[in-house]
Amino acid sequence: MTATATAAGRPTVTPVPFDPEVQAVLDELARNPQPALTRATLPREGTDRMFPDNDSVISGRDIDWEDRVIPGPAGSPDMEITIFRPRGSTGEVLPAFLNIHGGGMIVGHRSWETARVVDIVAEHRVVAVNVEYRLAPEHPFPAGVEDCYAGFAWLHENAAALGADPDRIIVGGGSAGGGLTAAVALMARDRQGPVMAGQLLLCPMIDNTNTTVSSRQYDGIGTWQREMNLLAWSCVLGEELAFSAEAPAYAAASRATDVSNLPPAFIEVGEAEAFRDEDTEYALRLWATGGQAELHVWGGGAHGFDMYMPDAEISRAALAARASWLRRTWSSGR
C-alpha cells in the first residue's frame, strides 16, 4: 500500500509551547538557520570530526577507550565500535550499556554521542559499547537495524572478555537510536536471541506514518521537524512503504502487532515535539500487555532537549530520572 505525507512548513495544529529556557535556545539557533537537508546533501564525509575526540570528551576522567572492528550481520561488512570502560576495572564484572546513535537513520556518527556514553560510564561504572551502523538511503532497511542487532549479540557473546555481565546489558539511544533500540528488542524476542536487561528509549523515532497530532504540531518549528522526519522515513523505507501502516515493525516499532514479553523500557520524550504521541502510545501498549514502561513526558521539552539545552532545568531533571532508572535496572539484575 502506498501512503503519502507532506510538510506545510508551519504547525497545522496549535503546538504546545516550548519551555522558556528551551525557547531561548531555539531563538538563538534561528538566528543562524541551516539549509534544509535533502537526499543529495546528506553529510557523509568528515562527520566523525564534527564533535570533540574521545580524549577531549573524557577530559581527565579515569576512563579507557578503544576502537574495534567486529563482524557485521551475516553477508554484510564488518562494523566499527568504540568500547569505554572504567580505568582499573580489570577483574571486575560490570553492567554494560550499548549505545545506538541518533540522526534519523540518515545522518550521524557514534562519536556524536560520546559525551552521553562517557557520562554513563563515569556515573554508573559500566562497560559501554558505542556502535556504528549503516545509514540510509545508501543502506535502506534492514541494514541499520541488523547492524545494531549484530552489535548487541556481539556484546552479549563477548561480555566475559570485556569484564561485563551478559545478564545486565541495557541497550539505548536517542531519536533514531531509540527507535533502533526498540526494534532490536523486538528482534531479540522474536529470534529467541540474547535477553537485554532494559531498553532506554530517549524520544524514540518509532512511527513512520506521521499521522499523530504532535507530528503536525511541530511542522516547521523545534529541533527535529516534520520535513526532516518525512525525508528520513522515505530514505529508510523507500517511497512505497515510507508512510505506510504496512511497514515492517523492525523498521518502525509502532507497527508491531505484539509488544508483549519485551524488556523493561524507559521512555522519555518532550511535551513539545513531534514524537510525543507515538512514544506515549507505545508506553500504553506495553502496559496493556503487562509490560514495564517508565514514561516521562517533559513539559515544554523540544526533541533532544537534553543535548541541545543541557543546562535547562528540565534537562537536569530528565538526566536525574534517567540515571535513577539505570541504577534500578542494573541493580535488579544482580
Side-chain angles (χ1 to χ4, degrees), residues 42 47-48 50-51 57 79-84 96-121 126 128-136 139 141-155 169-188 196-208 223-224 228-229 232-233 235-236 249-254 262-263 265-270 273-275 278-279 282 296 301-308 310 318-319 322 325-326:
L42 292 172
T47 56
D48 59 331
M50 294 176 68
F51 283 70
V57 174
M79 300 165 43
E80 297 178 353
I81 63 170
T82 304
I83 302 168
F84 300 88
F97 179 67
L98 181 82
N99 185 72
I100 303 174
H101 72 77
M105 295 178 272
I106 58 173
V107 295
H109 186 271
R110 68 187 187 282
S111 62
W112 293 17
E113 296 185 8
T114 298
R116 171 183 284 162
V117 177
V118 165
D119 285 346
I120 289 173
V121 173
V126 300
V129 172
N130 205 2
V131 66
E132 199 67 40
Y133 59 89
R134 288 170 289 174
L135 300 174
H139 304 285
F141 173 84
V145 69
E146 289 289 358
D147 287 351
C148 295
Y149 182 82
F152 170 51
W154 180 90
L155 173 55
I169 300 174
I170 291 175
V171 180
S175 193
L180 288 163
T181 296
V184 169
L186 290 166
M187 295 173 84
M196 63 178 73
Q199 47 180 329
L200 183 71
L201 309 179
L202 307 177
C203 52
M205 176 184 173
I206 57 175
D207 181 8
N208 64 300
T223 46
W224 183 260
M228 277 299 299
N229 210 48
W233 283 116
C235 289
V236 173
Y250 296 159
S254 290
L262 292 172
F266 180 93
I267 302 175
E268 170 191 302
V269 68
E273 68 157 292
F275 295 165
E278 62 200 67
D279 294 351
Y282 200 63
H296 294 264
H303 183 72
F305 61 88
D306 65 303
M307 300 187 77
Y308 284 95
L319 289 170
R322 192 185 303 173
W325 181 84
L326 288 170

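Note that the structure is a prediction, hence the values are computed from the model and not measured. In this chain, residues are counted from 1 in sequence order.
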Checklist line | Nearest heavy-atom neighbours spanning Asp306 and Arg322 | finding: OD2-NH2, 3.2 Å
Note to self: Can you tell me how far apart CG (Leu262) and OH (Tyr282) are? Round to the nearest 0.5 Å.
What the structure shows: 5.5 Å
Check: Can you check side chain to side chain contact (heavy atoms under 4.5 Å, CB included) on Val131 and Asn99, steps first, answer last?
Finding: CA-CA 6 Å; Val131 66; Asn99 185 72; over 6 Å; no
Next item on the list: Using modelled atom types only, decide if a donor and an acceptor are shared between the side chain of Gln199 and the backbone of Ala265 within a distance under 3.5 Å.
Entry: no
Next item on the list: Verify, without hydrogens or angle tests, whether Trp112 (side chain) and Thr47 (backbone) share a donor-acceptor contact under 3.5 angstrom.
Entry: yes
Margin query: Given 3.5 Å as the limit, does a donor-acceptor pair link the side chain of Ser254 with the main chain of Ile206, or not?
Written below: yes
Note to self: Are Trp224 and Glu273 packed together at the side-chain level, in the sense that at least one heavy-atom pair is separated by less than 4.5 angstrom?
What the structure shows: no
Note to self: Could you check, using the six-membered ring where one of them is a Trp, whether His109 and Phe51 have ring centers closer than 6.0 angstrom?
What the structure shows: no
Checklist line | Considering all heavy atoms, the nearest Ala232-Gly104 contact | finding: CB-O, 3.4 Å
Checklist line | N/O donor-acceptor pair under 3.5 Å between Asn130 side chain and Thr82 backbone | finding: no
Next item on the list: Can you measure from CE (Met205) to CD (Glu278) and round to the nearest 0.5 angstrom?
Entry: 8.5 Å
Item checked: Rounded distance (nearest 0.5 Å) linking atom CH2 of Trp154 with atom CG of Leu98 -> 10.0 Å
Check: Going through the checks in order, is the side chain to side chain contact (heavy atoms under 4.5 Å, CB included) test met by Ile106 and Met228?
Finding: CA-CA 10 Å; Ile106 58 173; Met228 277 299 299; 4.1 Å; yes
Next item on the list: Taking all non-hydrogen atoms of both residues into account, name the closest pair between Pro204 and Gly178 and its distance.
Entry: CB-C, 3.6 Å
Note to self: For a quick test of reading the model, state the closest non-hydrogen atom pair linking Trp233 to Ala252 and the distance between them.
What the structure shows: CH2-CB, 3.6 Å
Check: How about Tyr133 and Val145: do any of their side-chain heavy atoms sit closer than 4.5 Å?
Finding: no
Check: Are the side chains of Phe152 and Val129 in touch, meaning some heavy atoms are under 4.5 Å apart?
Finding: no
Note to self: Can you tell me how far apart CG (Leu135) and SG (Cys235) are? Round to the nearest 0.5 Å.
What the structure shows: 10.0 Å
Margin query: For Ala143, is there any backbone N or O sitting under 3.5 Å from a side-chain donor or acceptor partner on Glu146?
Written below: no
Next item on the list: Not counting sequence neighbours, which residues clear side-chain contact (heavy atoms from CB on, under 4.5 Å) with Ala150? List them please.
Entry: Pro73, Met79
Notebook entry, point to check: If you take all heavy atoms of His303 and Ser175, which pair is closest and at what distance?
Noted result: NE2-OG, 2.9 Å
Item checked: Under-4.0 Å salt bridge between Arg110 and Glu80 -> yes
Checklist line | Heavy-atom side-chain contact between Glu132 and Asp147 under 4.5 Å | finding: no
Margin query: I'd like to check Leu180 versus Tyr250 (side-chain heavy atoms, cut-off strictly below 4.5 Å). Are they in contact?
Written below: no
Next item on the list: Could you pull out the closest heavy-atom pair between Ala185 and Pro263, with the gap in Å?
Entry: CB-CD, 3.9 Å
Next item on the list: List in chain and number order the residues that pass ring pair (Phe, Tyr, Trp, His ring centres under 6.0 Å) with His296, two or more places apart in sequence or in another chain; answer none if no residue qualifies.
Entry: Phe266, Trp298
Next item on the list: Quick one: do Leu200 and Phe97 satisfy side chain to side chain contact (heavy atoms under 4.5 Å, CB included)? Show the steps, please.
Entry: CA-CA 10 Å; Leu200 183 71; Phe97 179 67; 4.0 Å; yes
Next item on the list: Report the C-alpha distance between Thr181 and Ile100 in whole Å, list the side-chain angles of each, state the deciding distance to 0.1 Å, and finish with yes or no for side chain to side chain contact (heavy atoms under 4.5 Å, CB included).
Entry: CA-CA 7 Å; Thr181 296; Ile100 303 174; 3.7 Å; yes
Next item on the list: Measure the shortest side-chain to side-chain distance between Val184 and Met196 over non-hydrogen atoms and say whether it is less than 4.5 angstrom.
Entry: yes
